[in-house]
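Positions are given from 1 along the sequence. Every number for a ligand or one of its atoms is a count from 1 in the order of the listing.
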Amino acid sequence: MQLSDSFGRKFYYLRLSITDVCNFKCEYCLPNGYQHDKKNCFLSLDEIRRTVTAFAQVGTEKIRITGGEPALRKDLTQIIQTISAIDGIKKIAMTTNGYNLAKKAQEWKDAGLNQINISVDSLNPHSFNKITGVNRFDDVMRGIDKALEVGFDKIKINSVLIKNFNDHELSLFLEFVKQRPIEMRFIELMECGETNSFFEKHHSSGNTIKNNLESSGWVLNDKAKDDGPALVYSHPEYLGKIGLIMPYSKDFCVTCNRLRVSSLGKMHLCLFGDYGTDIREHLQQDSQQQQLISLLHQSVATKEVSHYLQQGNTGQTPHLASIGG
Ligand code: SAM
Ligand code: SF4
């Protein structure tokens with residue numbers, strides 16, 4: 001039976017975090033870098049296989065691998081291969097900071113990765129290095145070229161909108177996707193527990209971009225099944241598209257189609273929810289799949305209608321690296 005909640009939303013998309021560790025220090029996420037915690041033991045390959053198998057049995061068709069930085073896992077290629085062999089999984093996507101994409105794109109594609117999102121908050125190398133805390137702009141750009149060459153089904157660039165930082169770069173990003181089949185996704189900065197002062201200074205609404213696009217010939221597309229809450233625009237003179245993710249807008253949660261499992265085996269019904277339901281004890285043996293599926297149904301039935309971000313309630317999420325953004 002398909003996973004669905006009491007508001008009639010169906011969930012066929014799982015965001016699976018495979019590590020909290022990251023090698024970047026994005027100012028809005030991990031400004032002091034990842035703080036190692038020896039107690040943390042991230043999901044093993046077998047635990048990942050059991051998680052995805054159970055989700056696939058209740059209707060999940062798409063998996064997004066995320067983190068932290070998923071490319072830091074040495075067994076990433078095996079993880080992709082394992083997920084792609086699971087019955088019912090039609091698409092595997094991954095979100096990465098792109099630091100080793102140029103080297104690995106072909107290997108990941110051969111393993112079964114269909115879509116890739118690469119995070120690029122600025123096309124100005126100096127600003128990019130400043131916001132991420134590392135000197136990796138050229139590596140990431142090479143990675144994007146390689147991803148295009150390898151030919152993933154979809155390539156997206158994620159860019160967090162940051163006031164007084166990249167809010168003047170719209171024309172640069174538009175130019176970038178003019179001749180490239182890439183979807184630029186502008187994501188409104190979200191408030192998290194550990195970075196709320198950054199949020200207060202730098203949150204910028206996506207409405208400015210929305211108005212700008214709508215007055216210059218960009219047309220809102222009908223929603224594709226896996227768009228979820230994103231608004232996607234296209235323009236006849238551009239190969240690429242523009243997507244907007246505006247979690248503070250009214251009715252953002254109405255089209256929610258995703259669930260999350262953290263790298264420590266907690267299922268989260270919302271990025272900004274509670275501590276999550278621990279599913280790990282049911283991931284230890286193949287024989288526990290039915291118990292796991294019952295727990296998934298029970299938990300999803302309690303999903304709330306919306307997050308409470310507008311009221312400043314960020315839930316228990318210290319930063320998105322801890323839950324898989
Ligand atoms: N490390 C990978 C990366 O950066 O692409 C994957 C994990 S990261 C948490 C996933 C996405 O969440 C990135 O595109 C990042 O820019 C975005 N993100 C992180 N913190 C955010 C915040 N506070 N508000 C909005 N987006 C955020
Ligand atoms: Fe790392 Fe991604 Fe967070 Fe940046 S946004 S610190 S790359 S997890």
Side-chain angles (χ1 to χ4, degrees), residues 15-36 42 64-73 76 93-101 104 108 113 115-122 127-137 139-140 143-144 147 155-163 165-166 173 183-206 228-230 243-249 252 258 260-263 268 270-272 307 309 312 314-315 317-325:
R15 293 196 169 202
L16 178 66
S17 175
I18 58 170
T19 181
D20 289 3
V21 181
C22 192
N23 52 348
F24 280 25
K25 300 175 186 171
C26 300
E27 282 201 49
Y28 50 80
C29 184
L30 294 174
N32 303 314
Y34 174 72
Q35 306 296 311
H36 279 271
F42 303 121
R64 175 173 301 281
I65 301 172
T66 182
E69 177 44 51
L72 290 171
R73 279 271 305 234
L76 173 59
M94 182 167 80
T95 305
T96 174
N97 62 30
Y99 83 97
N100 65 348
L101 180 58
K104 292 290 198 173
W108 295 338
L113 188 68
Q115 304 184 2
I116 192 142
N117 284 37
I118 306 135
S119 298
V120 181
D121 295 329
S122 173
S127 308
F128 176 95
N129 294 341
K130 187 159 174 267
I131 197 80
T132 56
V134 295
N135 261 332
R136 293 281 200 165
F137 181 78
D139 293 339
V140 176
I144 294 173
I155 302 176
K156 296 181 190 169
I157 293 183
N158 286 2
S159 194
V160 178
L161 287 173
I162 306 169
K163 187 155 72 189
F165 173 74
N166 62 5
F173 282 116
E183 184 177 316
M184 262 313 305
R185 291 218 144 181
F186 294 108
I187 307 172
E188 273 184 12
L189 181 63
M190 296 175 238
E191 184 175 4
C192 295
E194 286 182 6
T195 51
N196 52 1
S197 59
F198 188 88
F199 172 85
E200 272 158 29
K201 265 198 237 144
H202 295 286
H203 177 258
S204 163
S205 159
L244 284 174
I245 305 198
M246 303 198 296
Y248 292 87
S249 63
F252 178 78
R258 59 207 57 192
R260 293 181 158 82
V261 170
S262 76
S263 60
H268 293 267
C270 175
L271 261 183
F272 302 98
H307 60 58
L309 277 179
T314 59
T317 307
H319 44 69
L320 295 198
S322 68
I323 186 174

For the residue pair H203 and F199, does the interplanar ring angle fall in the parallel (under 30°), tilted (30 to 60°) or perpendicular (over 60°) class? tilted
Please list, in number order, the atoms of ligand 1 under 4.0 Å from a heavy atom of G68. 1 (N), 2 (C), 6 (C), 7 (C)
Output the list of atoms in ligand 1 that are nearer than 4.0 Å to some heavy atom of E69, sorted by atom number. 1 (N), 2 (C)
Enumerate the atoms of ligand 1 whose separation from the nearest heavy atom of N158 is less than 4.0 angstrom. 14 (O)
Nearest non-hydrogen protein atom, atom 2 (Fe) of ligand 2: C22 SG, 4.4 Å
contact_flag E188 ligand 1 heavy-atom lt 4.0 Å: yes
Does the R185 side chain pair with the main chain of K156, one donor and one acceptor, at a distance under 3.5 Å? no
Is a side-chain N or O of Q35 found less than 3.5 angstrom from the main chain of G33, in a donor-acceptor match? yes
Classify the ring geometry between F198 and Y28 as parallel (under 30°), tilted (30 to 60°) or perpendicular (over 60°). tilted
For N97 and E69, which I'm curious about, is there any donor-acceptor pair between the side chains at under 3.5 Å? yes
Please step through side-chain contact (heavy atoms from CB on, under 4.5 Å) for the pair S159 and N166, ending with a clear verdict. CA-CA 9 Å; S159 194; N166 62 5; 3.9 Å; yes
The test is side-chain contact (heavy atoms from CB on, under 4.5 Å); show your working for E27 and I162 and say whether it passes. CA-CA 10 Å; E27 282 201 49; I162 306 169; over 6 Å; no
Side chains of R73 and I65: does their closest heavy-atom pair fall under 4.5 Å? no
Please find out if atom 1 (Fe) of ligand 2 and some N, O or S atom of C26 are separated by less than 2.8 Å. no
Could you find the nearest protein heavy atom to atom 3 (Fe) of ligand 2 and give me its residue, atom name and distance? C29 SG, 2.4 Å
Residue-level breakdown please: for T96 versus ligand 1, do any non-hydrogen atoms fall below 4.0 Å on the side chain, on the backbone, on both, or on neither? backbone
Closest heavy-atom contact between L72 and N23? CD1-N, 3.7 Å
Contact atoms of ligand 1, heavy-atom distance to T66 under 4.0 Å: 6 (C), 7 (C)
Report, in ascending order of atom number, the atoms of ligand 1 lying under 4.0 Å from any heavy atom of N97. 2 (C), 3 (C), 5 (O)
Heavy-atom proximity to atom 8 (S) of ligand 1, picking from C22, G67, C26, A71, points to G67
At the 4.0 Å heavy-atom cut-off, does G98 count as touching ligand 1? no
Mind running side-chain contact (heavy atoms from CB on, under 4.5 Å) on F42 and V21 for me, showing each step along the way? CA-CA 10 Å; F42 303 121; V21 181; 3.7 Å; yes
State the atoms of ligand 2, each with its element, that fall below the 4.0 Å cut-off from a heavy-atom position in N97. 7 (S)
Which ligand 1 atoms, with their elements, are less than 4.0 angstrom from a heavy-atom of V160? 16 (O), 26 (N), 27 (C)
Where ligand 1 meets S119 - atom numbers and elements under 4.0 angstrom, heavy-atom basis: 3 (C), 4 (O), 5 (O), 13 (C), 14 (O)
